[in-house]
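This report concerns only the one structure given below.
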Amino acid sequence: MVRITFIQPDGSRREIEAEPGDSVMQAALAHNVEGITAECNGSAACATCHAYFQEDRLGGLDAMAEHENDMLDFAACERRSGSRLSCQVKVTDALDGMTVTLPEMQ
Amino acid sequence: MATPVPVMDDISIAALTADPYPSFRRMREAASAVWVSDARINLVTRFDDIMTVERDHGRFASTNPGSLMNKVMGHSLMRKDDEAHQVERKAIEPSFRPGVVKNHWTPVFDAIADRLIDAFVESGETDLFGSFAAPMASLCLNEMIGFRNVAWQDLAAWSQALMDGVSNYGTVPETATRAAAASDAIDAAIDAVLDRYRDRPDATILSSMLHAEHAHSIEQIRANIKVIIGGGLNEPRDSILTTVYGLLLNPDQRARVEADPKLYRPAFEEAVRWVSPIGMYPRRVTRDTVLGDTALKEGDQLGICVGAANRDQSRFSDPDAYDVFRDRGQHLGFGAGPHFCAGTWVARQMVGEIAVPKLFDRLPNMQLDDDKPARLSGWVFRGPVSLPVRWEV
Ligand code: HEM
Ligand code: FES
């Protein structure tokens, strides 16, 4: 199991145990973490699973495809250096102990 | 306890076509899936059940061996699952990305909208269906595909012939003949231009298909271009008209939107919720299972009624009202799951940022024509089939 801590816009934190192989989006939904809509359920087409990943650990995540890179510019909240579509990031051991902050709006 | 699918034999296709929403409400209240005898399919109408279906394509597949769509159009990405689907979907993505839509397609769409409005702006009245929405959607799609020398009327007629062919369950021979003729004409239009994109890649869909990491075969190109013609024309057309209709029916909302053009985007999104252009799409049950309160059998055909789910009162307050200012929340007008509309960002830009704002901007005192009421029709696909308006010149 991989521990990921989700931080809500109001600062509240919640640690979950994610299943390796799921996407971070799926892990969040499976644990009823608020703040991810995932309208396209992982097709990288809606940008409603936007989240800010811990900036000093981005190197350990799946690489970002051109499509995701384009889509992130159209998320409802501003793009920052830790921005990813959480459906495009797989849960691996490299994420253990990571924090993921959710945007105000999807 | 899950119960078998209840039968409703007092809901006619004619009633659904005229106004599906009262029937949708009855179905939502009855069960998770309802067999509508006249439509000969199990209809799923509740928001939460549709989310369940969309999140589990192992149990609820798009692949459908007996699909009429495969016969009429070839085997397109819309009727594939998993890897086979993803590879084709990825191939077309570059033409549909929001950044590409914004930078590449926006000037093209802008010019088309202005040219169409130029043609009727002095006349003081028009039916927006034929003068604006239909040519707008068709001309834009023509450009996106990369066709040359195809008249918008032909593209629109092919689209209609294909859609009629797909919903003609083998009963009317002329419909099948027309669909086959449209299919041949599309193959010829593809052949006429395909080579020009081989050495000169650009943003068109045909170019994306040729230059993808897993390039489309000619069969894949033909099938997927047909699905894009069948599914990428009527929906923007209908949503242009529905957005305009919603705003013209609600002068207070219109005034607020006109005062703050950022609100055209939510006005479009609300129109797609209110009268969803694709009201129903199919899925197939792959094994005996339970959905919500209803037991389903392997092989059951489901009609996923997003047009009904988008009026689910457990999800939307006052669901029958057009309200640009309702709480932001997910709707299912673009579907959900792996087949979530590939053209979502194209439609948002074409309709919500270009066609509708330009119309209100250039015809500032446009009103519904009191003598000629708007007409809406359909349930599998639904939208205004006539939207007469007047303005002072
Ligand atoms: C307001 C306008 C539109 C609406 C409401 C809409 C709605 C939908 C819906 C509900 C689906 C899912 C169907 C299913 O799961 O079986 C879909 C799929 C699709 N749409 Fe759209 N659509 C719109 C505009 C467009 C446009 C403009 C294009 C192309 C230029 C397009 C291309 C597609 C394609 C290619 C698919 C299939 C995606 C796949 O199977 O992976 N759509 N659309
Ligand atoms: S769930 Fe839609 S982009 Fe990630």
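All values below come from the heavy atoms of this structure, side chains included, with hydrogens, waters and symmetry mates left out. Quick note on labels: first sequence line is chain A, next is B, and so on, each numbered from 1. Being a predicted model, the structure only gives us computed values, none of them experimental.
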* **Flag if over 12 foreign heavy atoms under 6.0 Å of CZ, Arg256(B)** => no
* Using non-hydrogen atoms only, which part of Lys90(B) is less than 4.5 Å away from chain A: side chain, backbone, both, or neither? -> neither
* Asked: Are more than 12 heavy atoms from other residues, nucleotides or ligands located less than 6.0 Å from atom CG of Asp327(B)?
  -> no
* Options Glu39(A), Met71(A), Gln26(A), Glu66(A), ranked by heavy-atom pairs under 4.5 Å with chain B, top entry -> Glu39(A)
* Hey, are the side chains of Phe74(A) and Arg97(B) touching, using non-hydrogen atoms and a 4.5 Å cut-off? -> no
* To do: Can you see which heavy atom on Ser43(A) is nearest to which on Gly337(B), and at what distance?
  => OG-O, 3.1 Å
* Can you tell me if Thr37(A) uses its side chain to pair, donor with acceptor, with the backbone of Gln330(B) under 3.5 Å? -> no
* To do: Tell me, out of Ala336(B), Pro94(B), Gly99(B), who's got the most heavy-atom pairs with chain A below 4.5 Å.
  => Gly99(B)
* To do: First locate atom CG of Asn41(A), then atom CD of Glu54(B), and finally report the distance between them rounded to the nearest 0.5 Å.
  => 8.0 Å
* **Which atom of Cys46(A) lies closest to which atom of Trp345(B), heavy atoms considered** => O-CZ2, 3.6 Å
* Asked: What do you reckon, is CG of Asp93(A) surrounded by more than 12 foreign heavy atoms closer than 6.0 Å?
  -> no
* Kindly check if the number of other-residue, nucleotide or ligand heavy atoms within 6.0 Å of CD (Glu104(A)) is above 12? => no
* To do: Please indicate whether Glu34(A) has more than 12 foreign heavy atoms, meaning atoms of other residues, nucleotides or ligands, lying under 6.0 Å from its CD.
  => no
* Taking every non-hydrogen atom, the tightest pair across Val100(B) and Asp70(A) -> N-OD2, 3.7 Å
* To do: Evaluate the side-chain proximity of Pro98(B) to Asp73(A): yes if any heavy-atom separation is below 4.5 Å, no if none is.
  => no
* To do: Examine whether an atom of Ala38(A) lies under 4.5 Å from a heavy atom of chain B, and if so say whether it belongs to the side chain, the backbone or both; otherwise answer neither.
  => both
